[in-house]
*Asks:* 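Supplied in structure tokens, the structure appears directly below.
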Amino acid sequence: MKQIIHIARKEFSDGLRNRWMLAISLLFAVLAVGIAWFGAAASGQVGFTSIPATIASLASLATFLMPLIALLLAYDAIVGEEEGGTLMLLLTYPLTRRELLLGKFVGHGCILGMATLIGFGSAAVAIALLVQDVSYSTLLFAFSRFIFSSTLLGLVFLAFAYVLSSQAKEKTTAAGLALGIWFLFVLVFDLALLALLVVTEGRINPELLPWLLLLNPTDIYRLINLGGFEAGGQGLGVMALASDLPVGQLALWLCLVVWAGVVLGLAHWRLTKRAA
């Protein structure tokens, strides 16, 4: 446990020194406050609209940003150590590969979690201070769930980054693979599912289709944040299938946790197969 804490502290301090947390926090803060106030500009409205509409817009934004930032944060976590000549040195210490991986995961996760809290939390603070007659309990619940689920989504893609970093021989290769993973889960998956619906012309069992959403962590994330709000009933594209998914919020949270655990286990397996 002590070794994990040491590695996590090193990764966290490296993230502070490289201004990762500052950059992510500022990016999230600017975009979150902007969406909170100008998210409805396309419909001719300027200013805060409602908590559900704000969370729905922020969730759509985070679906694109969180996976990308998590992958960029950790794609070189293993291969970068090897190229720098420090991986072999680290493994000469009384440190197992599992402890190395978990330490990096905790350190990067803390950076991502704190940046998400500071960045998106600033929008919640701005709404609480500037909007009259807002329900503070609803605001706190909505943003707490949103920030926690966003961090959890980021952890899933941190684990993906470790898989790629343990597999790749060069940082450039890991960066390319990271971009491919982002395209697959953020853009390609839903398009492929829609294409499947069109091509099969309804020949697939309709009870199976909603379960396919659980194969994509970004879709699970959107289901978590849209569920319980009136915005959740306005799903477009594959999100329209969510109304037929017979699982509750707790099951969706557990699915996201399972995604993180399984992918991190795969990263550990790849790391054990990698020659230092």
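What you are looking at is a predicted structure, and each value in this text was computed from that prediction instead of being measured. We count residues from 1, following the sequence as given. Basis for what follows: all heavy atoms, side chains included, without hydrogens, waters or symmetry-related copies.
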*Asks:* Can a donor-acceptor pair be found, under 3.5 Å and without considering hydrogens, that links the side chain of N216 to the backbone of F185?
*Replies:* yes

*Asks:* Treat each ILVMFWY residue as a node, draw an edge where side-chain heavy atoms are under 4.5 Å apart, and state whether L89 and I4 are in one component.
*Replies:* yes

*Asks:* Between F120 and F146, is the ring centroid distance below 6.0 Å?
*Replies:* yes

*Asks:* Would you give the length of the straight line joining atom CG of N225 to atom OG of S149, rounded to the nearest 0.5 angstrom?
*Replies:* 3.5 Å

*Asks:* Looking at every heavy atom in both L65 and F28, which two are closest together, and how far apart are they?
*Replies:* CD1-CE2, 4.0 Å

*Asks:* Given F157, which partner from the list I69, L72, T218 fulfils the side chain to side chain contact (heavy atoms under 4.5 Å, CB included) test?
*Replies:* T218

*Asks:* Flag the pair W253 / F148 as yes when their ring centroid distance falls below 6.0 Å, and as no otherwise.
*Replies:* yes

*Asks:* Tell me the closest heavy-atom pair linking I51 and V134, and the distance in Å.
*Replies:* CD1-CG2, 3.9 Å

*Asks:* Quick one: which residue pairs count as a side-chain hydrogen bond (donor to acceptor under 3.5 Å, both in side chains) with a foot in residues 105-117, not counting sequence neighbours?
*Replies:* E11-H108, H108-Y162

*Asks:* Do D190 and R222 meet the salt-bridge criterion of a basic N to acidic O distance under 4.0 Å?
*Replies:* yes

*Asks:* With a 3.5 Å distance limit and no angle check, can you tell me whether S165 reaches the backbone of V79 through a side-chain donor-acceptor pair?
*Replies:* yes

*Asks:* Say you draw a straight line from CZ of F12 to NZ of K104; how long is it, rounded to the nearest 0.5 Å?
*Replies:* 15.0 Å

*Asks:* Any non-hydrogen side-chain atom of T173 less than 4.5 Å from a side-chain atom of K169?
*Replies:* no

*Asks:* Heavy-atom distance under 4.5 Å between the side chains of Q249 and R145, does that happen here?
*Replies:* yes

*Asks:* About how many Å separate CH2 of W182 and CG of L187, when rounded to the nearest 0.5 Å?
*Replies:* 4.5 Å

*Asks:* Work out which heavy atom in Q3 is nearest to a heavy atom in E99; give both atom names and the distance.
*Replies:* CB-OE1, 3.9 Å

*Asks:* Would Y221 and S150 count as a side chain to side chain donor-acceptor pair (under 3.5 Å) here? Give the steps.
*Replies:* CA-CA 7 Å; Y221 167 78; S150 297; 2.7 Å; yes

